[in-house]
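Note that the structure is predicted; figures quoted are calculated from it, not measured. Heads up: numbering here begins at 1 and tracks the sequence. Just so you know, these numbers use all the heavy atoms, side chains as well, and skip hydrogens, waters and symmetry mates.
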Amino acid sequence: QIDQILIHQQIELLEILTGFETNNKYEIKNSLGQRVYFAAEDTDCCTRNCCGPSRPFTLRIIDNLGHEVITLQRPLRCSSCCFPCCLQELEVQAPPGTPVGYVVQNWHACLPKFTIQNEKRMDILKIDGPCVVCSCCEDINFEVKSVDNTATVGRISKQWSGIVKEAFTDADNFGITFPMDLDVKMKAVMIGACFLI
């Protein structure tokens, strides 16, 4: 029964001091700032540091009781518009082992565009990002729309974290808004979309 999620990436001191990429960890909070989930990346050292942001990963989302409730899996793919046959894709499983949806990157020359699909690979929602995905002192918004682009359903926002955090870390803060009555499976897939973005 929520309509907003906040995702805060934890700052890793080892990354700041050495530039050595560690497994990312996130706190997932409700609109009151209460932690509802914890997310942790599960990749090996070589993959993280050789493949960078295009690396394959498994992200495990755990509730406050320590139970894994959602698993996100992304294979190794390319995000360059020069390779339209090898674009990003993410599978969302809830509970782990049961696919409930997919997030698929759509080819476009300069805009980040994604499609949210259900477990049967049917298109459910579209995500349109801005032409410039870096900005100073303001949030970057990705609009979540109906498949026919006639209605805005929600938003995924990369939130401005301040000059120090933005300059010296790769830790990001995101916010997700969606209708209160959106199917819970699609809420889980929108969380997956946020991690793919």
Side-chain angles (χ1 to χ4, degrees), residues 1-9 24 26-39 53 57 59-63 69-75 77 79 81 84 87-96 98-135 138-161 172-197:
Q1 295 299 314
I2 56 174
D3 59 359
Q4 184 178 24
I5 291 260
L6 304 171
I7 299 176
H8 295 174
Q9 185 174 354
N24 291 324
Y26 307 85
E27 283 191 314
I28 302 174
K29 302 177 180 182
N30 63 18
S31 57
L32 300 175
Q34 300 164 324
R35 188 172 101 171
V36 291
Y37 296 121
F38 178 78
F57 66 73
L59 195 82
R60 303 184 191 288
I61 299 178
I62 300 158
D63 67 14
V69 292
I70 302 172
T71 302
L72 310 177
Q73 291 188 328
R74 180 177 84 169
R77 295 290 174 94
S79 57
C81 64
L87 296 174
Q88 295 291 338
E89 182 174 305
L90 180 121
E91 179 181 85
V92 179
Q93 301 171 2
T98 305
V100 294
Y102 301 87
V103 185
V104 180
Q105 183 182 11
N106 306 117
W107 186 87
H108 193 278
C110 62
L111 295 175
K113 290 182 171 279
F114 301 88
T115 300
I116 291 178
Q117 300 174 332
N118 66 11
E119 70 275 9
K120 296 176 183 173
R121 295 271 188 179
M122 295 173 53
D123 294 355
I124 303 296
L125 298 169
K126 300 276 186 189
I127 301 174
D128 293 334
C131 185
V132 178
V133 292
C134 60
S135 177
E138 61 183 32
D139 294 350
I140 302 167
N141 296 316
F142 294 78
E143 301 296 330
V144 181
K145 300 181 177 180
S146 59
V147 175
D148 59 6
N149 281 330
T150 58
T152 298
V153 175
R155 174 180 290 160
I156 299 173
S157 300
K158 182 195 175 299
Q159 299 168 339
W160 172 253
S161 301
D172 293 319
N173 291 333
F174 278 86
I176 308 171
T177 57
F178 38 65
M180 186 83 73
D181 60 350
L182 183 67
D183 178 61
V184 69
K185 293 179 182 178
M186 289 303 104
K187 288 181 180 181
V189 179
M190 280 185 66
I191 290 172
C194 181
F195 283 106
L196 185 61
I197 289 170

Solution key, residues 183-193 side-chain donor-acceptor pairs under 3.5 Å, sequence neighbours excluded:
| unit_1 | atom_1 | unit_2 | atom_2 | d |
| --- | --- | --- | --- | --- |
| D183 | OD2 | K185 | N | 3.3 |
| K187 | NZ | I2 | O | 2.9 |
| K187 | NZ | M180 | O | 2.9 |

| note | With sequence neighbours left out, the residues meeting side chain to side chain donor-acceptor pair (under 3.5 Å) with Q73 are Q93

| Passes side-chain contact (heavy atoms from CB on, under 4.5 Å), R121 versus V104? Steps please. | CA-CA 10 Å; R121 295 271 188 179; V104 180; 4.1 Å; yes

| request: Please identify each residue that fulfils side chain to side chain contact (heavy atoms under 4.5 Å, CB included) with A39, with sequence neighbours left out. | output: Y26, I28, L59, I61, F195

| request: Could you tell me which non-hydrogen atom of Y102 sits nearest to which non-hydrogen atom of E89, and how far apart they are? | output: CD2-OE2, 4.5 Å

| field | Inter-residue atom distance I5.CD1 - F174.CZ, 0.5 Å rounding | value | 14.0 Å

| Under the salt bridge (charged side-chain N to carboxylate O under 4.0 Å, His left out) rule, what pairs show up with a residue in residues 141-157, not counting sequence neighbours? | D128-K145, E143-R155

Would you tabulate the side-chain donor-acceptor contacts of residues 29-36 under 3.5 Å, counting partners in other chains and residues two or more places apart, or write 'none'?
| unit_1 | atom_1 | unit_2 | atom_2 | d |
| --- | --- | --- | --- | --- |
| N30 | OD1 | L32 | N | 3.0 |
| N30 | OD1 | G33 | N | 3.2 |
| N30 | OD1 | Q34 | N | 2.9 |
| N30 | ND2 | Q34 | OE1 | 2.8 |

| task | Answer yes if the side chains of D123 and T115 hold a donor-acceptor pair under 3.5 Å, and no otherwise. | result | no

| Are the side chains of F57 and L90 in touch, meaning some heavy atoms are under 4.5 Å apart? | yes

| note | Note: N118 and I124 closest approach over all heavy atoms is N-CG1, 3.7 Å

| query | Residues two or more places apart in sequence or in another chain: which of them pass side chain to side chain contact (heavy atoms under 4.5 Å, CB included) with P179? | reply | V153, D181, L182

